[in-house]
Amino acid sequence: MFPYPSGAGLHVGHPEGYTATDILARHKRMRGFAVMHPMGWDAFGLPAEQYAIETGTHPRVTTEQNINTFRRQIRMLGFSYDWDQEVDTTDPDYFRWTQWIFLLLHGTWYDTTAKKGRPIAALPIPPDVAAQGDAAVRKYRDDRRLAYRAEVPVNWCGALGTVLANEEVIDGKSERGGHPVIRMPLRQWMLRITDYADRLLEDLDAVDWPPSIQEMQRNWIGRSEGAELDFMALLPAGGESLLRVFTTRPDTLFGATYMVLSPEHPLVPALTIPAQADQVEAYRQQASRKSDFERTELAHEKTGVATGSFAINPVNGERVPIWIADYVLAGYGTGAIMAVPAHDERDFAFAVQFGLPIRLVVAPTAGGAAPEGEPFTQHGVAMASGFLDGLPTLEAKARMIDWLEKESKGIRKVNFKLRDWLFSRQRYWGEPFPLLHEIGTDGEPTGRIEPVDIADLPLKLPELEDYKPSGRPEPPLGKATGWVEVERDGKLWRRELNTMPQWAGSCWYYLRYLDPKNSQAFCDPAKENYWMPVDLYVGGAEHAVLHLLYSRFWHKVLFDHGHVTTAEPFKRLVNQGMILGDVEYTAFRDATGAWVQPATRDATGLEAVRLPEDQVEKKGDHFVLKADTSIRVDARANKMSKARGNVINPDTVVNEYGADSLRLYEMFMGPLEATKPWSMRGVEGVYRFLSRVWRVFIDDRAEEVGLSPQVSSEAPEAETLRLLHHTIKRVTEDLDAMRFNTAIAAMMEYTNHLTPLVIRPRTALEPFVLLLAPFAPHLAEELWQALGHGSTLAYEPWPVFDPALLVASTIEVPVQVNGKIRARLSVAPDIGKDELEQLALADTKVIENLAGRAPRKVIVVPGKLVNIIC
RNA sequence: GCCGAAGUGGCGGAACAGGCAGACGCGCUGGACUCAAAAUCCAGUUCCCCAAAAGGAGUGUGGGUUCGACUCCCACCUUCGGCACCA
């Protein structure tokens, strides 16, 4: 995954994944593969804009500086990127195609029968719509495009005068400054990713991804099957209105004792009786001020207000009260539920809180009793439910849906947690939407929206005097007066003022890598066909859901239009683990300065003191203070952060130990996927290994760098040859399985064998240099030259091991008596089972341990062990 | 609360189609080289007992399967990551 070039420069977390893919790229090249290994910049984003607001520096300037820093640092590490493939999402030649893809989405509707996206021109227009004229047809189409506009609540911070992203809002206040944030509806661009929910879910089975990531995506998509059914709401003003709910448990319909609407539900005003109006309005106000976070956070205490009106249960004609409560989310299902307190935790809590009736309609077993004082939410057997009585839950569900469908009171329905994607931002530093709004003679938008001509792309950002927020929830692009208004076909048009989110550019960059300079298409179809899908995609798990889901969505739209040939973009995904700071030891002192042992880690009023390693020791399964072993010391590695001051800068490491040491250490720390703490001593360790390798080849006492006189043309001894081939085997297999740490261990072992050799045969050294090359390319190239080769080793064939040479002349086989090892036999590797058993039984140690007892059973695993049971 | 991953020496981690636990590296101890130090090289280093040999215990905890379990099964504990009123 390409980086966001932040002002802080490269972090040691970045080179982890990049080293891994570089090693594989180099290895594959040596094995004759054509390798595409590119790098680029995900360079739109908030920090550059924030910096612009504060200093007036154009984000382009900041971004360019940051990219230059990142590029320098990345080059310093010797990654074999093809810099001709470099992409930058903020480059107009790049975002031209981001805009182009947006227009493709805008020009697409999802055909649910064909289960694919199709051009909007192919959308069948019903005759009655067509009869109403162009405006009606246009609206019909606009309502079905994959990119559409909707009123959705955004986080508006009046004090900062800007709209904030969800992650910038904490406890209903702005992250910076702690100003109040309210949610207000704003007209926004949305992408209809929910149309692709089923395919995004199904195709997860076809990719080679970590199961945990697949699971996270499945949960995020959150498919659930159930029914939508209609209650009949009785309006206080007279008349009726259908009130639709979604439920996964239609079998509990007989147990519905009240209904709950989300505070935002459109029917709330019509359903509120005058006596309740004030309360309802107050509750709606209060709910609107809460952020989603606040609404779902800890506050599991239920709140709500009765509307005062009632609805009729479709299955039994019963009158049930209608309430509003914020535990019902406006965005899921229909924004309204039938409450079955006996069989749902939330409904139960609410019913208890407000004294609403609870009616059991499912028993754990036929005739069995549900536990008292808690809801029974599991499957069981229907009861007190008329025609469902006695049916197990699954059958009861099906029967109820059949009944609802027959009576036209409901339908089978699948719902998804996945929301449509809020795609617009009220920001400057992002891709402008290539759309024009028609302005009528009255100076107001007519509602007609047209894309900018493809030939006029890219639509570049206007230059701005200042980037400060306007103080109104309006995008800063509105300030670019000369840019906003456009004349076309004799009419006045106003440009779309929102910009795209940072995800946009990162959604498809892997395709641009294939053909970054193409001015005719986002990518030459022949190249796409040759390279796609991505064989290996390495990145942090923080992108497990959003980035990977959005990319997959865009890819599928491109696929439906025939612009790409694979349904999925990333065949194999590997998540690198996080690199934490060095381990820190912390003890606590109270106000008097005395050491104390806090009951909890977050105890207040105590001073946390960081201790050097030599002041602590291990006692039992935890660390204690050496000076007072009754005081427990907290030992943990923390996330690297500026605030903690535990950030490791790759520049420092490279200056001190060289790029190869950094690369090697990052890979030697542990499995790529694991979270692991950094240790400067560990870097020192791999540096010493590389130095040892150097001294095996090079006479370091000589005035000039030159091959050690110990390097000889003699043939290696059998053991050296065996170890060489063993090492080739291990390194090759470990690389294929991405076990970089054990591959390095294998090379260390081989080096440990070579070091004491007085005579170092060239034929045992050269293949080793090639094995080391992907890991430590700088050192390996130098050794390769010293060995007398004129050109790079980057394309030398990868060494191949000879299985015949792997066999040792003798092996050691342990002999157990009753499962305990009592002797070791030195035998030929191909020794027969019977012979091995005879040898074991004849061993003096074994005889001693048998103490005259006769073996009852002898288990012989040839080449592994002998176990004698007596 | 739910989902997922993981618990192995002083530390990072090896070994899991069930078969010698602790590879490799760090740290530590001792030795060689040196006037000395650094660097380097050699040896040792899971714990307990012990001069040594020989023993004994041991892969988060408690059970189970097996000749044999870090590895498989059941229950639990802890840590990390994600989701979190999704009807």
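Numbers restart at 1 for each chain; the letters A, B, ... are given by sequence-line order, proteins then strands. Because the structure is a prediction, the values reported are computed rather than measured.
Within the nucleic acid shown, R856(A) has no heavy atom closer than 4.0 Å to any nucleic acid atom. Within 4.0 Å (heavy atoms only), T675(A) reaches sugar-phosphate atoms of the nucleic acid but no base atom. Contact annotation for S224(A): backbone-only contact, meaning every heavy-atom pair under 4.0 Å involves sugar-phosphate atoms and none involves a base. Heavy atoms of K864(A) sit under 4.0 angstrom from primed sugar atoms or phosphate atoms, though from no base atom. Residue P671(A) is in sugar-phosphate contact alone, with no base atom involved, counting any heavy-atom pair closer than 4.0 Å across all strands shown. At the heavy-atom level, R822(A) lies under 4.0 Å from the strands shown only through sugar-phosphate atoms. E617(A) comes within 4.0 angstrom of nothing in the nucleic acid, heavy atoms only.
A donor atom on one side chain and an acceptor atom on the other are not found under 3.5 Å apart for Y657(A) and S691(A). Between the side chains of D582(A) and S679(A), no donor N or O sits under 3.5 Å from an acceptor N or O. In this model, a donor atom of one side chain and an acceptor atom of the other lie less than 3.5 Å apart for Y327(A) and D347(A). In the model, S224(A) has no side-chain atom that pairs as donor or acceptor with a side-chain atom of N415(A) under 3.5 Å.
Closest-nucleotide positions on RNA chain B for S691(A) and F668(A) were compared, and the one nearer the 5' end corresponds to F668(A). In this structure, V545(A) and M748(A) both approach RNA chain B, and ranking their closest nucleotides by distance from the 5' end singles out M748(A).
Close to A57(B), at under 4.0 Å from its OP1 or OP2, lies a side-chain N or O of K820(A). Remark: Y327(A) is not in phosphate contact with A87(B), judged by side-chain N or O atoms under 4.0 Å from OP1 or OP2. Listed pair R636(A) / C80(B) meets the phosphate criterion, a side-chain N or O lying under 4.0 Å from OP1 or OP2. Applying the 4.0 Å criterion to OP1 and OP2 of A14(B), one finds that N741(A) has a side-chain N or O inside that range. Here R218(A) does not reach the OP1 or OP2 of C2(B): none of its side-chain N or O atoms lies under 4.0 Å away.
One can place CD of E749(A) at 12 Å from C1' of A15(B), the figure rounded to the nearest angstrom. Between the CZ atom of R419(A) and the P atom of C83(B) there is a distance of 16 Å, rounded to whole Å. Note: CZ (R688(A)) to P (C41(B)) measures 9 Å, nearest angstrom. Atom-to-atom, CD1 of I744(A) to P of G12(B) comes out at 18 Å; the value is rounded to the nearest Å. Per the geometry, CG belonging to D582(A) stands 13 Å off C1' belonging to G27(B), to the nearest Å. Distance NE2 (H547(A)) to P (G82(B)): 17 Å, rounded to an integer number of Å.
The distance from the CG atom of L690(A) to the OH atom of Y687(A) is 9.0 Å, given to the nearest 0.5 Å.
Distances from the side chain of K676(A) to the nucleotides G25(B), G13(B), C3(B) place G13(B) closest. Ranking C85(B), C83(B), G25(B) by closeness to the K302(A) side chain, first place goes to C85(B). The listed nucleotides are A87(B), A23(B), U40(B); the one nearest the side chain of R695(A) is U40(B).
Heavy-atom neighbours of R223(A) CZ from other residues, nucleotides or ligands within 6.0 Å: above the threshold of 12.
Using cut-offs of 30° and 60° on the angle between ring planes, the pair H543(A) and H547(A) is perpendicular.
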Report all interatomic pairs (protein N or O, nucleotide N or O of nucleotides 63-74 of chain B) with separations under 3.5 Å.
from	atom 1	to	atom 2	distance (Å)
C67(B)	O2	N867(A)	ND2	2.8

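Base orientation for G58(B): anti, the chi torsion being more than 90° from 0.
Side-chain atoms of R822(A) and Q816(A), non-hydrogen and from C-beta on, never get closer than 4.5 Å to each other. In this structure the side chain of P671(A) never reaches within 4.5 angstrom of the side chain of R739(A), judged on heavy atoms.
Judged by distance alone, with hydrogens and angles left aside, the side-chain atoms of D660(A) form a donor-acceptor pair with the main-chain N or O of L779(A) at under 3.5 Å. Remark: the backbone N or O of L580(A) is not paired with any side-chain donor or acceptor of N638(A) at under 3.5 angstrom.
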In dot-bracket form, 5' to 3', how is RNA chain B paired? Count Watson-Crick and G-U wobble pairs only if both distances fall under 3.5 Å, and write | where the partner sits on another strand.
(((((((..(((......[....)))((((((.......))))))(((......)))..(((((..]....))))))))))))....
